Amino acid sequence: MPLKPNNKIVNAWCWYDWANSSYSLVITSAIFPSYFLSLAPPAGNKTVWWHTISNSVLYAYMYSFASLLLLFLSPLFGSIADYSGRKKLFMSFFSYIGSVSCIFLFFSTADQMLLIAGLFIISSVCYSLGVVFYNAYIPEIATPDQFDTVSAKGFAWGYLGGMIALVISLLVIQFAAHLGFTSAQIDQNIPVRVSFVFIGIWWLGFAWYSIKGLPADRKGNKVTGQTILRSYNRIYKAFLRARGHKAISIFLLAFFFYDMGLTTVMGMSSVFATKTLNLKTVHLIGVILILQLVAILGSYVFLFIAKKVNNIFAVKTAVLLWVLVCFIAYSIQSISQFYIMAVLVGLVMGGTQALSRSAFAALIQDEKDEYATYFSLYDVLDKMGVVIGTFLFGWIEYVTGSMRASVATLSVFFIIGFFFLQLIKKNAWKK
């Protein structure tokens, strides 16, 4: 009979998703994108390149550049964490730097676009690097038969925590006058910028609580310059080892393409809704709250499908639904249609992410000393997809003048991903 995971440790691990999901929801999905698009360049200062393109294109490029940095940093730090045995240390470091960068977004104004870009990139990079070490704990805190359940639980806690943080941020913005903000402060978007401070503090506090409850770092090797040089070599070896395992290599190819579409949709959907549908921040937050509630349900719906049929069938079902999402987004004309699409996105978003993560954890369960390295490889493909996806999204809008053309392009990524999933045998994820 398989051993049960330590619920106290699993819950501590889930608190980390609760902590940093506030950032991914408020900063990368809801309030910050709308705020960024509303910033107009100062009068007489339109000669610098970031004022000669639309804010939506600039946002896509910022998102893409942050992911480009992660392509190089994620394997480096993942490998160092494996070598040194210090996952907990690195989780702490990146969580604290990222949350403080988020707090400093309070100083973001229209005449400080470079500051905004820098803080956004730093906080985004730190957020994602923290997730590398967070994901790498799965095989350490759960048995293989519990990977799906623990992974889904983490995502569900994250969606709930992010939703609560978003509601509090919305209340601060909507009832700013009742909270003592003057009309001048409201006009200067001070309440919106205060919400960035609140999210940074939320992230910092709950991450500290989570990390405190995780297993202590094991004694590892001392990190030297030679260790850093070996880090990329270890990733290269992970690629070679993955190539020698048919199920892993095909899954990673599939994941690269469908995740490229998924992460681009999630990263750019708020910008799309704000610019294409003229969706106000209040309505956008309402859509995202619906999305989060449905995503909690979606995580368990697809977990149920995975247990009743198998993991690969559940993932393929989710990817096909993403193709449908792209076609709906391309033709969408009204806010009510966007709400309907949000329900579908929420349903498949949680299931796709949770099952993809647990599927990969199951495939690498015999690589006991290489968890962080393999998850860095997984994250490299994720970030490579974001770099390509968001850059293409912004570039296609720049060339065509339409975000709808950008959205239509994303459907191709999901179709290619589904094709590779079809090549995987049904018994590949049997524990």
Side-chain angles (χ1 to χ4, degrees), residues 5-6 9-24 66-67 69-102 122-142 147 150-151 153-155 157-158 161 203-223 227-228 230-232 234-235 238 353-354 356-358 360-361 364-365 367-383 386:
N6 184 316
I9 293 176
V10 169
N11 287 342
W13 179 80
C14 290
W15 277 114
Y16 189 79
D17 215 328
W18 174 287
N20 67 3
S21 288
S22 63
Y23 175 85
S24 64
S67 300
L69 288 178
L70 286 165
L71 269 178
F72 298 98
L73 296 178
S74 177
L76 171 63
F77 285 103
S79 184
I80 288 176
D82 270 338
Y83 187 77
S84 65
R86 295 176 179 175
K87 287 195 290 287
K88 193 168 184 175
L89 173 66
F90 285 107
M91 274 183 71
S92 302
F93 176 79
F94 290 116
S95 298
Y96 301 156
I97 296 297
S99 57
V100 170
S101 299
C102 181
I122 291 170
S123 57
S124 295
V125 167
C126 289
Y127 163 82
S128 296
L129 288 176
V131 171
V132 171
F133 305 111
Y134 166 73
N135 285 340
Y137 267 105
I138 295 178
E140 185 175 332
I141 65 173
F147 285 165
V150 169
S151 183
K153 183 176 182 179
F155 271 108
W157 280 43
W203 181 4
L204 181 67
F206 284 111
W208 172 84
Y209 180 79
S210 168
I211 294 167
K212 185 180 69 167
L214 291 174
D217 285 339
R218 60 178 173 81
K219 276 194 173 182
N221 301 298
K222 185 178 179 180
V223 177
T227 306
I228 295 173
R230 282 199 296 261
S231 297
Y232 292 104
R234 293 183 72 191
I235 282 294
Q353 291 179 306
S356 294
R357 182 172 64 182
S358 59
F360 191 64
I364 65 168
Q365 61 185 279
E367 310 290 339
K368 296 188 180 297
D369 295 323
E370 303 289 341
Y371 291 149
T373 297
Y374 265 99
F375 266 106
S376 291
L377 173 60
Y378 180 89
D379 197 59
V380 161
L381 293 176
D382 172 67
K383 294 304 174 291
V386 178

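The analysis underlying the following values was restricted to heavy atoms, covering all of them including side chains, and did not include hydrogens, waters or symmetry mates. It should be emphasised that the depicted structure is a prediction, and the values quoted were computed from it without experimental measurement.
The minimum heavy-atom distance linking V150 with A142 is given by the pair CG2-CB, 3.8 Å. Nearest approach of C14 to K153, heavy atoms of both residues: SG-CG, 3.7 Å. Shown here for S95 and A207, the closest heavy-atom pair between the two residues is CB-CB, 4.0 Å. Between L214 and I9, the shortest heavy-atom contact is CD2-O, 4.2 Å. Considering all non-hydrogen atoms of both residues, E140 and P215 come closest at OE2-CB, 3.8 Å. Closest approach of A19 to F206, counting heavy atoms only: CB-CB, 3.4 Å.
The shortest distance between side-chain heavy atoms of Y378 and S356 falls below 4.5 Å.
Atoms CZ and OG, from F94 and S99 in turn, are 13.0 Å apart once rounded to the nearest 0.5 Å. Taken from OG in S123 to CH2 in W203, the straight-line distance is 6.0 Å, to the nearest 0.5 Å. In this structure, the separation between OH on Y23 and OG on S101 is 8.5 Å, given to the nearest 0.5 Å. Note that OH of Y96 and CH2 of W208 are 8.0 Å apart. Values are rounded to the nearest 0.5 Å. Taken from CG in N20 to CG in L204, the straight-line distance is 12.5 Å, to the nearest 0.5 Å.
With sequence neighbours left out, F72 forms a side chain to side chain contact (heavy atoms under 4.5 Å, CB included) with L68, Y232.
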Using residues 126-135 as the side-chain source, report each donor-acceptor pair under 3.5 Å to any protein atom, sequence neighbours left out, with the distance given to one decimal.
unit_1 : atom_1 : unit_2 : atom_2 : d
S128   : OG     : S124   : O      : 3.2
Y134   : OH     : D17    : OD2    : 3.0
N135   : OD1    : R357   : NH1    : 2.9

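Ring orientation note: the planes of W15 and Y209 are nearly perpendicular, at an angle over 60° on the 30°/60° scale.
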